[in-house]
Amino acid sequence: MIAPATLFEKIWASHVVSAFEDGRAIVHIDRHLLQETTCEKAFDGLGRRGLSIRAPDLTFAVIDHSVATTPGRTAASFPPTRNSIEAMQRNCGVYGVELFDIDDERQGIVHVISPELGIALPGCTLVCADSHTATCGGLGSWAWGIGTTQVLHVLATQTLIQRRPKTMRVSFTGRLPAGVFAKDLVLYLIGRHGTAAGTGHVVEYSGEAIRSLPIEARLTICNMSIEFGARSGLIAPDDSTIEYLAGRPFAPRGADWDSAVQAWRALPSDDDASYDTEIAIDCTRIRPQVSWGTSPQDMIAIDETIPAPDAAADPERRRVIERALAYMALTPGQRLEGLPIDYAFIGSCTNARLSDLQEAAAIIRGRHVPQGVTAIVVPGSTQVKRQAEAIGLDRVFRDAGFEWRESGCSMCVAGNGDMVPPGQRSISTTNRNFESRQGPGSRTHLASPAMVAAAAVTGRITDVRRLMG
Amino acid sequence: MEPFTKLHGRAAPLMRANIDTDAIISAQAMVGGQVADPGKVLFTHWRYLPDGAPNPDFVLNQPRYGGTSVLVAARNFGCGSSREHAVWALTGYGIRCVIAPSFGEIFYDNAFQNGLLLATVTDEQAEHVADTLAQATEPDVTVDLETRLIILPDGRPLTFEIPGERREALLGGLDDLDLLRARTGETDRWLETDRAARPWAYPQRKAA
Ligand code: SF4
């Protein structure tokens, strides 16, 4: 009899090329994605060693992190990043990598386009020099972020040396209450268990609530695995996954599709498989989440108050809270609801797919962004933008006073000139509220697209449930 | 890669938990392509005042910690993004070892690919090292990778943790790429079997 295995253990076993005695292994990489800010030195490394790319057919590249989002943009629109964008274009040409360039209809944030184009597939390994690569786990891909040196390893050999991570299962039971979205589930998880809870683990998200989520929402959950400390997150493929992938440009076709589906059906964890760590979350207790500090674990529900440093038992934690409150210009015991904002940002690989834009649009319809608030929508991909325009969402946002931009990472990382000015307060659908993340001195509150939309049209952090009809 | 055996140098305490890669090197400093002097942009938002002058309150700007090559930090150092630029900023500045109770996972991999030693100690040990440094007239430590010992300014030793393979790779200056390239024959054989078993995993693409 074969021992029961988890989803991850099955993927691991099918990708070990050879194992070392010390427990590490060489694993095969099925898909390699490149983005312009983290691979230039890897290409240089190939050049210095006179190597070529081992598997160009498994390699895909896109420009997303540093590209301008203004209409009519080119590589030169934001001068500080022009050289690196041009280096990417040149390197992809020289080494024969297919590049979804700035003006390509397939361009978008790397973790939005890899599911959208059918590049990420269940049971496959996928890497990218970007920590939110875990997003693709929503389709059942073992996907993780790597560094630039490892990009060189993959380019040159299509393999990586890995130590097998531990396994964790997070079970979300019960149904989501109204006004609570996938983003709230993952923010709540991080708020409760902290940003290091997943360290060393591959996290499998399961349970009734996950099963009922559409694929785009599953991608949101897996996206923030890294903020939970885990390099990758996984959700077992099911009918929704298969339906989502059918007909996507790089998904298998014909007889290959049939054998793929058969393989994917065998992936879910066996009933009696065991995990190194288990966490259970009751979804019925979750309310809309908003972060108050400078770490994604600084999280409260909209109707809770900001914790007092004295309440923390650990002196180090006390220092961290004090520092975060000073940076955010907030006080212990304060409520976030009613706090005026300067910026509202809807974008990023966490929350800029079509369903995210629809959830936000449902809140803002018939309302308007007040004077003094800047509200921006940056669709996750050029395709998302086109689809949204086809159903008139761009009009809804524009009529409400939002800017409607071209796709890219934009104000999630503030590497393309889109920035929140120093000291200004932003509410954002992104994944990191680190000091200066959205621009030097910026203050970021993380929340769901619906909560960001609610704040945008009221000018204050607002419980979205008050605006829902 | 340069082998790492033993290091004697100035050590600075930066006892904050969750020092993220954005704090180590900001996106604005790294997105423009190859950073000419990554050591200069290390901890930009902490090290410099908004007008660009050095922030006298920041530990690395204090004369006492000039020429620091060892950092001591609290839990989860290097969490956040995968940018290897964070490691290049540290090594560019002259940091060769970071002592902390835990590290961000991708950062951990990146550091060892660049010869930066990450020495894992307990929370209490990290606090103790920081306190000892703060009290010492000469806040210098010796880090010995062979014996896994940190010798504190008061002469007392402390053992740190490091996985065996990381230690060996650093001691020998070994590079993963050489190892992987030496094994491509195995990869070829694996691929032959896998292509037959999972034809669907290999996309049919026009040449780019
Ligand atoms: S949108 Fe933000 S988190 Fe996602 S890949 Fe871009 S910079 Fe990273």
Side-chain angles (χ1 to χ4, degrees), chain A residues 17-18 22 24 26 28 30 37-38 40-41 56-57 65-66 80-81 83-84 87 92 96-99 121 124 129-131 145-150 152-153 156-159 161 195-196 199-200 229 231 250 252 256-257 259-260 263 295 316 320 413-416 422 432 434-437 440, chain B residues 15-18 20-23 26-28 30-34 44-46 50 74-76 79-85 87 102 104-107 109-110 113-114 123 127 163-165 176-177 179-181 183-184 186-187 189-191 194 197-208:
Chain A
V17 172
S18 69
D22 60 17
R24 292 177 306 154
I26 297 180
H28 184 258
D30 296 333
T37 62
T38 50
E40 191 174 344
K41 271 197 167 187
D57 55 327
H65 276 65
S66 63
T81 61
N83 284 347
S84 94
C92 288
V97 176
E98 185 167 7
L99 171 67
L121 298 175
C124 283
D130 192 283
S131 60
I146 59 176
T148 301
T149 304
Q150 290 176 318
L152 172 60
H153 298 171
T157 70
Q158 205 59 29
T159 57
I161 298 177
T195 53
T199 306
R231 223 162 156 165
F250 293 99
D256 280 350
W257 172 256
S259 52
S295 159
E316 170 57 29
V320 169
V413 69
N416 73 334
R432 286 183 177 146
F434 297 158
E435 285 182 22
S436 300
R437 171 77 178 186
Chain B
M15 294 306 285
R16 294 180 192 169
N18 301 317
D20 57 74
T21 47
D22 279 75
S26 73
Q28 295 88 47
M30 63 158 276
V31 289
Q34 313 232 3
T44 299
H45 297 309
W46 295 345
R75 233 173 285 170
N76 211 16
C79 63
S81 94
S82 65
R83 59 185 73 155
E84 202 158 313
H85 307 68
V87 174
S102 61
E105 242 181 287
I106 308 178
F107 175 80
D109 266 358
N110 289 342
Q113 306 286 1
N114 290 275
D123 289 297
E127 286 286 348
E165 73 272 7
D176 278 359
L177 183 57
L179 189 60
L180 286 170
R181 290 191 62 215
R183 311 278 283 245
T184 48
E186 277 163 79
T187 309
R189 283 192 293 283
W190 183 90
L191 270 174
D194 191 60
R198 297 189 310 150
W200 55 267
Y202 298 85
Q204 309 290 317
R205 294 171 72 187
K206 293 189 299 277

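In this text, all values refer to a predicted model and were calculated from it rather than measured experimentally. Here is the naming used below: chain letters follow the sequence lines, and residue numbers restart at 1 for every chain.
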Counting heavy-atom pairs under 4.5 Å with chain B, which one of A:G200, A:P56, A:C92 comes out on top?
A:G200
Can you tell which part of B:W200 gets under 4.5 Å to a heavy atom of chain A, answering side chain, backbone, both or neither?
both
Pair B:D22 + A:R437: basic N to acidic O under 4.0 Å
yes
In terms of heavy-atom pairs under 4.5 Å, which option from A:V320, A:T159, A:L121 contacts chain B the most?
A:T159
Counting neighbours of CZ on B:R181 that are heavy atoms of other residues, nucleotides or ligands and sit closer than 6.0 Å, is the number greater than 12?
no
Under 4.5 Å from any heavy atom of chain B - which part of A:P440:
both
Under a 4.5 Å cut-off applied to non-hydrogen side-chain atoms, are B:T187 and A:T157 in contact?
no
Between the side chain of A:E316 and the main-chain N/O of B:A17, is any donor-acceptor distance below 3.5 Å?
yes
Any donor-acceptor N/O pair, A:S84 side chain to B:V31 backbone, under 3.5 Å:
yes
Looking at CG of A:L152 and CG of B:L177, how far apart are the two atoms once the value is rounded to the nearest 0.5 Å?
5.0 Å
Drop me the distance from B:D20's CG to A:R432's CZ, to the nearest 0.5 angstrom.
8.0 Å
Tell me, side chain or backbone of A:A260 under 4.5 Å from chain B's heavy atoms, or both, or neither?
both
Nearest-0.5 Å distance, CD of residue B:Q204 to CG of residue A:D57
9.0 Å
Locate the shortest heavy-atom distance separating B:Q28 from A:A414; write the atom from each residue and the value.
NE2-O, 3.1 Å
What part of B:N114 gets within 4.5 angstrom of chain A, counting heavy atoms only: side chain, backbone, both, or neither?
side chain
For A:T38, is there any backbone N or O sitting under 3.5 Å from a side-chain donor or acceptor partner on B:E84?
no
Contact part of A:A156 toward chain B, heavy-atom cut-off under 4.5 Å: side chain, backbone, both or neither?
side chain
Which bit of B:S26 is near chain A, if near means a heavy-atom gap under 4.5 Å: side chain, backbone, both or neither?
neither
Out of curiosity, A:I146 CD1 to B:S82 OG, how far, rounded to the nearest 0.5 Å?
8.0 Å
Would the distance check show the side chain of A:E435 and the main-chain N or O of B:A23 forming a donor-acceptor pair, the cut-off being under 3.5 Å?
no
Do A:C124 and B:R198 come within less than 4.5 Å of each other through their side chains, counting heavy atoms only?
yes
Which atoms of A:I26 approach chain B - backbone, side chain, both or neither, heavy atom under 4.5 Å:
side chain
What distance separates A:S131 OG from B:E105 CD, expressed to the nearest 0.5 Å?
11.5 Å
Interchain contact, B:D176 with chain A, by part (heavy-atom threshold 4.5 Å):
both
Max heavy-atom pairs within cutoff under 4.5 Å with chain A, candidates B:A27, B:P203, B:P163, goes to B:P203
Look up atom OG1 in A:T149 and atom CG in B:D109, then write down how far apart they are to the nearest 0.5 Å.
10.0 Å
